[in-house]
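Not measured: the values here are computed from a predicted model. Residue numbering restarts at 1 for every chain, and letters A, B, ... go by the order of the sequence lines.
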Amino acid sequence: MSEHPRLRLDGVRQTFPVRDSRGRPGPPLTALDDVNLDVGASEFLTLVGPSGCGKSTLLDLLGGLARPTGGRILLDGRPVEGPGLDRGLVFQQYALLPWRTALDNVAFGLEAKGLPRRLRAARAREYLALVGLEGFADRYPHELSGGMRQRVAIARSLAFDPEVLLMDEPFAALDAQTRESLQDELRAIWLRTGKTVLFITHGIDEAVYLGQRVAVMTSRPGRIKSVIDVDLDRDASRDPRSDPAFARYRNRVWQELHDEVALARRSEFAPVPSEADRG
Amino acid sequence: MADTLTRTPAPTVPTDDPTAHGTARPLLAVGWLWFTRSAAILAFLLLWETAPRVGLVDRVFLPPLSEVLVATADLAVGGQLWAHVSASLSRALAGFVVAVAVAVPLGLLIAWYRPVSDLLLPLLELFRNTAALALLPVFVLILGIGEASKVALVVFACTFPILLSTVTGVRTVDPLLVKAAVSLGFGPLALFRKVVLPAAVPSVFTGIRMAGAASILVLVAAEMVGAQSGLGYLINSSQLNFQIHDMYAGILSIALLGVTLNGALVALERRWSRWRTTPG
């Protein structure tokens, strides 16, 4: 951890107005309460939590799509005040424009950056190649498999060269094999590009496998319960998932999460508008 | 229609050759497909031909198909048929084009600005549910019995399907796409141009296709009431003069015109939303 973290969450709090079935305002729903977290430059941090703990709310705040009710989010010491190309978002459902080819989807973010057309195409090709899709530039999203679509989405977010990559359960919709290969590829890309990555997931294995540190969130209202350093020998030729150390980390995260999941399950039947589909 | 837009289509397995989709289909299967698709129409035409001949219906009021086709050919050779078709077609197209030019921008405006839509949608809903033909006397009173009232009626009938499907198209844009674009820092105008507009195209085209069918429908009815030319006039006057063969020739022409127009619009729609349809 350097002295100036790339990303700092300082007492972040988010509440939502709630209306009962007759439309009368009730007590506000607290989605996040006093979230404190530092992410260092070039760090890969994974965030796990029970469903409905406000993970996606947190991501909206980090992306600048919403403003926190309280607290501050600092990127390189400057407060986040809106969306910007210093952060790249990757969504679970890819969010590719279906009327654009893979290449044009990657170029989409570059248009926002105001790059001239020729440079856009060249840069987009370069990043498609980075995710191993150089042969699929002219395909439309519906002609690509789920894994390929997510690669395109990742390429799109990397192409405009953000400081931080924010990923919201990006591999959750993929089958197990595709997920594992994309995890490996994401790690390789991270090592190559040195990006800061905040990766939200509900998979413990995924969190331990990818993260240098794993932050565990409490059930609603979401807080950071603990942050676990993961020190795995990833350069070994065998699969780190079969390393006994992997199982120990996995178990630790599981222990941290266990009570929270039970809590979340008990409150699942409570009325939670606007949070129910946020994961 | 609009919800197929937001949903991901069933993933096709990507192959390395993009032209490989469903080309090498055996000839027999194609033949069978054509047969199943045309069997019902052929059966209907056969029924039309035989029913009057065997005396199931009075052949004075429903002549066999072959005789109707002969009458149609006679009208076509004499030039009258084309005169009527072109009269109808020019009215329908004029009204249709005006409706598209008015309704698409208006629909975008209504959908994009919430106060405008709150203000106008109830009125538009009322107009949409007013049968266009019920207004024909009003149009005739105000615009006279000439071309203007007929074209105006077509404009009225075409506007609402286009308008409402444009509004639906804009409103049902996948919020995730909007979110992704906003997160990239696009402003409202770029967001509209790059995301909302293209996403709405399929729905807009659905409305345009519905309007195409409506244009022929109301026009023919208008031509039956007061006109000196057009397919509606041909049908009505033939019936009054007891030229039953010519009447059926007019009906057949209208059916073909409608099918052709729809086919043309579908082809246009395909061209504009290739990304949505799975090839093959």
Side-chain angles (χ1 to χ4, degrees), chain A residues 56 59-60 62-66 80-102 104-105 107-114 133 135-149 153 156-157 159-160 162 166 168 173-175 178 277, chain B residues 1-22 169-170 172-205 269-280:
Chain A
S56 297
L59 204 93
D60 280 0
L62 290 167
L65 299 167
V80 165
E81 286 179 328
L85 293 169
D86 45 8
R87 285 145 289 150
L89 263 68
V90 178
F91 303 96
Q92 184 186 335
Q93 296 300 335
Y94 326 127
L96 296 178
L97 304 176
W99 55 87
R100 286 188 176 220
T101 59
D104 290 339
N105 262 294
F108 189 48
L110 302 172
E111 289 169 30
K113 204 166 183 172
L133 287 180
F136 295 86
D138 297 328
R139 295 295 185 84
Y140 288 96
H142 74 86
E143 297 173 303
L144 300 171
S145 67
M148 289 168 146
R149 286 180 220 181
R156 174 173 70 187
S157 287
F160 55 82
L166 303 167
D168 187 8
L174 304 174
D175 63 87
T178 311
D277 55 353
Chain B
M1 245 3 301
D3 64 340
T4 53
L5 198 161
T6 54
R7 234 148 268 165
T8 335
T12 50
V13 182
T15 56
D16 287 319
D17 179 14
T19 58
H21 293 287
V170 172
T172 53
V173 172
D174 186 353
L176 183 63
L177 295 184
V178 174
K179 190 171 167 178
V182 168
S183 80
L184 291 171
F186 281 113
L189 206 68
L191 178 69
F192 189 76
R193 201 165 56 81
K194 287 175 191 285
V195 179
V196 176
L197 211 54
V201 163
S203 177
V204 172
F205 260 104
E269 181 178 7
R270 286 239 177 88
R271 240 193 91 77
W272 276 72
S273 46
R274 241 174 314 181
W275 50 271
R276 204 170 54 115
T277 47
T278 315

Review point. Does A:L62 offer a backbone N or O that forms a donor-acceptor pair with the side chain of A:R87 under 3.5 Å?
Key: yes

**Study point:** B:R193/A:E111 ion pair, N-O < 4.0 Å
**Key:** no

Point to revise | Proximity breakdown for B:A190 and chain A, heavy-atom pairs closer than 4.5 Å | key: neither

Practice item. Under 4.5 Å heavy-atom distance to chain B, tell me which part of A:F108 shows up: side chain, backbone, both or neither. Key: both

Exercise for review: Could you list the residues that satisfy side chain to side chain donor-acceptor pair (under 3.5 Å) with A:D104, not counting sequence neighbours?
Suggested key: A:T101

Revision key, fill the gap. Under 4.5 Å to a heavy atom of chain A? For B:V195 that would be both

Practice item. Would you mind reporting whether A:Q93 and B:D174 have side-chain heavy atoms less than 4.5 Å apart? Key: no

Review point. With chain B, which of A:L89, A:V90, A:L97 has the greatest number of heavy-atom pairs at distances under 4.5 Å?
Key: A:L97

